[in-house]
Structure formats: structure tokens, C-alpha cells
Amino acid sequence: MTALAEKLASSAHFLVPPLIVWFRSNRRELPWRIQPSPYRIWVSELMLQQTQVVTVIPYFDRFIARFPNIASLAAADLEDVLKLWEGLGYYSRARRLHEAARQLTEARRELPHTYADLLRLPGVGPYTAAAIASIAFGEPVAVVDGNVARLFSRVWAITTSIDTPVMRRDLRDRLQLLLDGVAPAEFNEAVMELGALVCRPRNPDCDNCPLRDQCIARRDGLTHDLPRRRKRADVPLRRLVAAVVHSEGEVLIAKRAPDAMLGGLWHFPDATSTSNAALETILPGLFYERLGVSVTAGRSYRCIRHAYSHFKIDLTGVDCTLSTTRAVVKCDLAGADSIRWVTVAQCERLPFDRASLRLIDQIKQRHHQNSS
DNA sequence: AATTCGGGGCT
DNA sequence: AGCCCAGAATT
């Protein structure tokens with residue numbers, strides 16, 4: 001046994017029991033913890049990637065009501081799956097979940113039971129495979145999500161950046177030793193829950209932490225300096241102009257290609273604006289390139305600012321009318337899968353990204369004003 | 001190892 | 001308004 005392993009094995013004795021005791025009386029009754037099944041745990045873990053519990057709950061309930069098992073999910077249209085995911089973000093998760101369900105159904109297999117096999121599924125990486133394997137099937141594999149990394153970077157006062165593969169592996173190896181001799185599901189849920197509820201990013205509730213006497217960061221006054229992470233590059237701003245093309249009481253929408261950003265979601269045909277001229281002035285030029293038709297620009301909508309992780313957008317919608325018949329508009333928009341003419345009301349049945357949803361709200365408001 | 005993917009919460 | 005947070009896949 002290495003020196004580190006020995007040290008951890010002995011510290012496990014002091015760490016694990018208070019952790020488990022704490023968890024048993026602070027465990028939240030979450031939808032996926034009531035009547036747990038491998039499928040429900042799988043869906044919840046996909047939704048919980050990058051996303052907090054309170055955000056996920058309503059999405060999870062609606063998703064499970066509509067797709068109660070793998071077969072029903074596999075049989076669904078991707079568009080309907082995306083509609084239920086609308087607003088939750090990281091839509092590739094929904095695409096991969098759907099794809100995995102289809103693969104399993106095609107092969108007439110159930111969800112795999114082991115970490116190694118789960119890891120092969122689209123959308124399942126090291127964290128998710130460990131979470132499903134341990135929680136649904138009791139396999140003793142340690143989970144390291146953001147909560148766990150933060151918690152133990154403090155408990156052990158580790159100053160390596162937590163957002164590196166090396167650090168994640170190191171933590172997983174250390175926790176794997178703690179896992180010896182305890183129920184894997186309970187231990188993993190306990191560390192994630194403690195990180196989420198007590199060892200919070202800001203305002204950690206150290207006074208009520210079951211590990212307060214073992215926590216080195218607390219002892220050394222480092223809690224607020226940990227965890228460390230790499231500096232993030234600051235994000236550029238893109239100015240987008242979106243054409244709300246009206247024709248015969250309908251508007252033109254386009255579906256993004258499946259592998260594009262926000263793939264499979266609908267939006268209003270848009271273009272990046274590089275000049276400082278008024279959008280109404282430059283829009284016809286932009287859209288002649290994108291749509292191959294001339295449009296006349298009318299009133300603009302209020303600018304919508306939206307933040308993604310690696311850039312921000314200022315999205316401005318502009319009412320447009322066609323200078324020719326609508327039949328001329330073809331689907332060779334760069335990056336678009338297909339186009340449709342729909343009433344604003346019909347938009348509610350199709351999946352849109354969040355910025356487009358806000359534009360739809362503005363269009364509805366203007367409609368309402370015009371008719372009253 | 002670094003970059004590409006959304007969106008929400010907190011201050 | 002700005003800062004912080006968080007997994008998988010790709011390159």
C-alpha cells in the first residue's frame with residue numbers, strides 16, 4: 001500500500017461515517033429518487049450535466065410523463081424530444097439521449113449495467129457512467145462531478161485547478177479508496193449532495209458541515225480560495241440580425257442542421273452584422289446573400305442580449321416583407337436543414353432556442369398591439 | 001490539453 | 001450587468 005493510500009484509508013474512517021449520517025437526514029426527495037429505475041436515473045443524470053437540480057425537476061417530470069421508458073423515447077421524433085428539452089440548454093444531450101435509446105432498442109438491449117459498457121453510450125462520459133453504474137446498479141465506482149471536486153479540493157486543500165483531467169483523475173482515485181466497504185450509491189449521492197447543499201461555491205455552510213473537523217481548507221482559512229480553476233478567456237460579442245419575414249399571415253422559420261450549434265432547433269433566419277449602419281439599412285443586403293431573395297425591412301424589435309459560454313449575442317429582429325412571391329424562398333440557407341412558413345401560434349409546437357423564444361414573445365406583443 | 005457546446009443563479 | 005458554475009465530445 002502506498003503512503004497516500006494508507007493515509008486515505010485511515011482518514012476514511014473519520015470522513016465516511018459522519019458523511020453518511022449527515023446524508024441520511026439531509027437527503028432530498030427528488031423525483032428520480034422516488035421509484036428509482038435505471039431509465040429514470042439515466043435521464044436525470046443526462047439532464048443534470050451542467051445543470052442544477054431545481055432547474056431539472058420540472059423538465060424531468062414532463063419528460064418521464066411523455067417518455068416513460070426507453071422504447072417510447074426511441075420511437076419518438078427528435079423534434080418532440082427537443083421540444084421537451086427546450087430551454088434546458090446543451091441540446092446535444094437530448095440528441096445523444098435519443099440516439100442512445102434508438103441504438104439500445106435497435107439492438108434489443110436494456111441499459112448496460114457496468115461503468116465500462118455505459119461509457120460507450122452517446123452522451124455518457126466518465127461522470128455519468130459512474131453515476132448510473134453506482135446508483136442504479138451498485139457498482140463501486142467513484143463519481144467526480146463539480147460538487148464533489150469542489151468539496152474535496154477544500155477538504156484536502158488541493159490547489160491544483162479542478163478543471164483539468166489530471167485533477168479529476170486524481171480525485172477519482174482518492175475517492176475510489178474511500179468507497180471501499182460502503183454502499184456505493186449512498187456514498188456517491190452523499191458527496192454530491194453535500195457539495196451541492198453545504199460546500200457551496202459561495203457562502204459554504206461550514207458550521208453545519210459533517211466534515212468540518214476534517215476539512216483542511218477550513219482549518220487553514222483557505223475555504224474561499226478553493227477550488228482553484230483556470231482563467232477563462234473573455235467572450236466576444238456578436239451582433240445578429242434576424243429576419244421576421246411576413247407573408248400571408250405567416251412567418252418564415254428555419255431549422256438548424258443536426259450537427260450545428262443548437263442543432264435541430266428552429267430559429268428565424270439570421271446573419272451577423274459587421275457594420276455600424278442601421279440594421280434596417282443593411283438587412284436587405286445580408287438577406288439577399290442568405291436567402292437569395294430581396295426583402296424590404298420594416299420596424300426593428302427590441303435588442304435581445306443572450307450569453308452563451310464562449311460568446312454573447314445581441315439579437316435584433318426586423319419585420320420584413322418579400323419583394324417577390326414566397327415560392328422563391330428556398331432552403332439553401334447556409335446551415336439550415338429546412339424552412340417552413342408558420343403562424344406565430346404554431347411556433348409553440350416546435351422547438352426553438354431561448355433567444356428565439358424571446359423574439360417570438362416580442363412578435364406576439366406587437367401582433368397584439370396592432371390588432372387592438 | 002484546449003476548445004466547443006447553453007443557460008441560470010448569485011451579487 | 002458581470003461573474004461564476006458545470007460534463008461530453010472533438011481536435
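The structure presented is a predicted model; accordingly, all values stated were derived computationally and were not measured. A note on names: the letters A, B, ... follow the listed sequences, proteins ahead of strands, and every chain is numbered from 1.
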Taking the side chain as C-beta and beyond, is there a heavy-atom pair between A:V182 and A:L179 under 4.5 Å? yes
Under-4.0 Å side-chain N/O to phosphate OP1/OP2 contact, A:R96 with C:dA8: no
Between A:M261 and A:P165, which residue's closest nucleotide on DNA chain B lies nearer the 5′ terminus? A:P165
Atom CD of A:Q52 to atom P of C:dG7: distance rounded to whole Å? 10 Å
Given atom CG of A:L118 and atom C1' of C:dA9, what is their separation to the nearest angstrom? 17 Å
Verify whether one side chain among A:E139 and A:T114 offers a donor that lies under 3.5 Å from an acceptor in the other. no
Taking side-chain contact (heavy atoms from CB on, under 4.5 Å) as the criterion, tell me which of A:L15, A:D170, A:L226 meets it with A:F152. A:L15
For B:dG8, does either OP1 or OP2 sit under 4.0 Å from a side-chain N or O belonging to A:T51? no
Side-chain N or O of A:R200 versus OP1/OP2 of B:dG9: is the shortest distance under 4.0 Å? no
side-chain N/O A:Y90 vs C:dA9 OP1/OP2, d < 4.0 Å: no
Within the pair A:H306 and B:dG7, is there a side-chain N or O less than 4.0 Å away from OP1 or OP2? yes
Can you see whether A:Y127 engages A:E45 through a side-chain donor-acceptor pair at a distance of less than 3.5 angstrom? yes
Answer yes or no: does a side-chain N or O of A:N203 lie under 4.0 Å from OP1 or OP2 of B:dT11? yes
Report the nucleotide, chosen from B:dG7, B:dC5, B:dA2, that has the shortest atom-to-atom distance to any side-chain atom of A:R230. B:dA2
B:dC5 versus C:dC5 - spacing of their P atoms, nearest Å: 23 Å
Of the listed nucleotides C:dA8, B:dC5, C:dC5, the one nearest the side chain of A:Q49: C:dA8
Consider the side chain of A:H310, meaning its heavy atoms from C-beta on, and name the nucleotide among C:dC3, B:dG8, B:dC5 that approaches it most closely. B:dC5
